[in-house]
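Here's the structure, in structure tokens; my notes come after.
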Amino acid sequence: MMNKIILKEKLDLELSLFSGQAFRWKKKLNWYYGFIDNKFLKLRIKNNCLEYVCSDDWVAQDKVYDYFGLGIKYNEIFENFDDELSTVAYKKLQGMRVLNQDPWECLISFIISAWSNVPKISNTIHLLCQKLGYKYILDDMVGYSFPSPIQITGLTESEMKSFGMGYRGQYVLKTSKIIEENKILLSDFYNEDYFDSLKFLLTFPGVGDKVANCVLIYSLKKYNAFPVDLWVERLLVEDYGLNKKMSLINKRKWGQNYFGKYSGIIQHYLFHYKRKYNH
DNA sequence: CAGGTC
DNA sequence: TCTGG
């Protein structure tokens, strides 16, 4: 059965799903296949509506709405912020939304992302899901759900290596064990502020300032989170005149202070713009 | 070389 | 400092 959400905010699925914040979406014949709320579905935009079809389990409209953060008015964020490069990036990438992904999947994905590249990250995550996830079928597409912490703890070191995780496999295993043993629910951090959430995420092995800030902005709705990766660092130095020798944490703090309350959303536009058009 | 962490 | 493109 087809579901429809009338769009008041501009939404570009290609930009939103393939700008390096999510790693598991697949495109086929104008439909985008993937998981929202742990359920397999396909999406497309037609006549200013976001249309979606679920495989078997129903996905509520508010979950889809929330996944794309459609309650946030990007126009207001960028209009209220007078910065040349941000304005250019916003105009060029209109419709790109910062996603609100599942925090658990986001955490593991960004631990895997360390010092890697998007195709490889996607491949590793796919192998992990294929091994452990539940199988869903929609049209002729197959989807595997993201495994739970307890499922991952059952894996061996050599299995992790076979997925191409390299030295990150240990971090993924250890983090999964901590979460499983302490029955930690990352979704509890929706109710915590940025600073407390960051402090807690940093206690996991394989999670440093960059990965933690990715989890905070791409899944936990901490819109002032500001991940400083290679591209953003380059941007801050080349385009905003920061001293290259400034520490990563101070660069992050500078970004949060300069770009303000929604620095994470602006960061994603600048990050993608820099990577795509201005490397 | 590549979207860092310990 | 793993390892694939």
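Just so we're on the same page: letters track the sequence lines, and every chain starts at 1.
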In plain terms, say whether A:Glu14 and A:Lys27 are close enough for a salt bridge, that is, a side-chain N and a carboxylate O under 4.0 Å apart. yes
Could you check A:Asn123 against A:Trp115 and say which one's nearest nucleotide on DNA chain C is further toward the 5' end? A:Trp115
Quickly work out the A:Phe271 CZ to B:dA2 C1' distance and round it to whole Å. 12 Å
Interatomic distance where CZ belongs to A:Phe163 and P belongs to C:dG4 [whole Å]: 14 Å
salt_bridge(A:Glu159, A:Lys131) N-O dist < 4.0 Å: yes
Salt-bridge present (A:Glu233, A:Lys244; N to O < 4.0 Å): no
Could you please name the option among C:dT3, B:dG4, B:dG3 that lies closest to any side-chain atom of A:Ala114? B:dG4
Within the structure shown, what part of the strands sits under 4.0 Å from A:Val207 by heavy-atom distance: base, sugar-phosphate, or nothing? sugar-phosphate
May I ask you to test the A:Pro227-A:Ile217 pair for a side-chain heavy-atom distance under 4.5 Å? yes
Got a sec? Which of residues 167-177 of chain A come in under 4.0 Å of DNA chain C, heavy atoms? A:Tyr167, A:Arg168
Would you mind checking if A:Arg97 and A:Glu9 are paired as a salt bridge, meaning a charged N to carboxylate O distance below 4.0 Å? yes
Base partner of C:dG4, which must satisfy Watson-Crick or wobble distances under 3.5 Å: B:dC1
Under 4.0 angstrom, heavy atoms only, what part of the nucleic acid is A:Gly20 near: base, sugar-phosphate, or nothing? base
Using a cut-off of 4.0 Å on non-hydrogen atoms, how would the nucleic acid contact of A:Phe204 be classed: base, sugar-phosphate, or nothing? sugar-phosphate
Considering only heavy atoms and no angle criterion, is a donor-acceptor pair shorter than 3.5 Å present between the side chain of A:Lys210 and the base of B:dT5? no
Kindly indicate, with the supporting measurements, whether the criterion ring pair (Phe, Tyr, Trp, His ring centres under 6.0 Å) is fulfilled by A:Phe81 and A:Phe259. CA-CA 8 Å; A:Phe81 186 66; A:Phe259 295 106; 5.6 Å; yes
Could you tell me how far apart A:Asn213 (CG) and B:dG4 (C1') are, to the nearest whole angstrom? 13 Å
Run the salt-bridge test on A:Glu51 and A:Lys46 with the 4.0 Å N-O cut-off and return the result as yes or no. no
Rounded to whole Å, please give me the gap between CG in A:Asp209 and P in B:dG3. 19 Å
Considering every strand and a 4.0 Å limit on heavy-atom distances, what is the contact class for A:Pro227: base, sugar-phosphate, or nothing? nothing
By nearest-heavy-atom nucleotide on DNA chain B, the more 5' of A:Lys120 and A:Pro205 is A:Lys120
Spacing of A:Met165 atom CE relative to C:dT1 atom C1', expressed in whole Å: 17 Å
Rounded to whole Å, the CE-C1' distance (A:Met160 to C:dT3) equals 15 Å
Check A:Arg275 with A:Asp229, please: is the shortest side-chain N to carboxylate O separation under 4.0 Å? no
Phosphate OP1/OP2 of B:dG3: any A:Trp231 side-chain N/O under 4.0 Å: yes
Separation of A:Arg275 atom CZ from B:dA2 atom C1', in whole Å? 11 Å
Just the rounded figure in Å: distance from C1' of B:dG4 to CG of A:Asn117. 14 Å
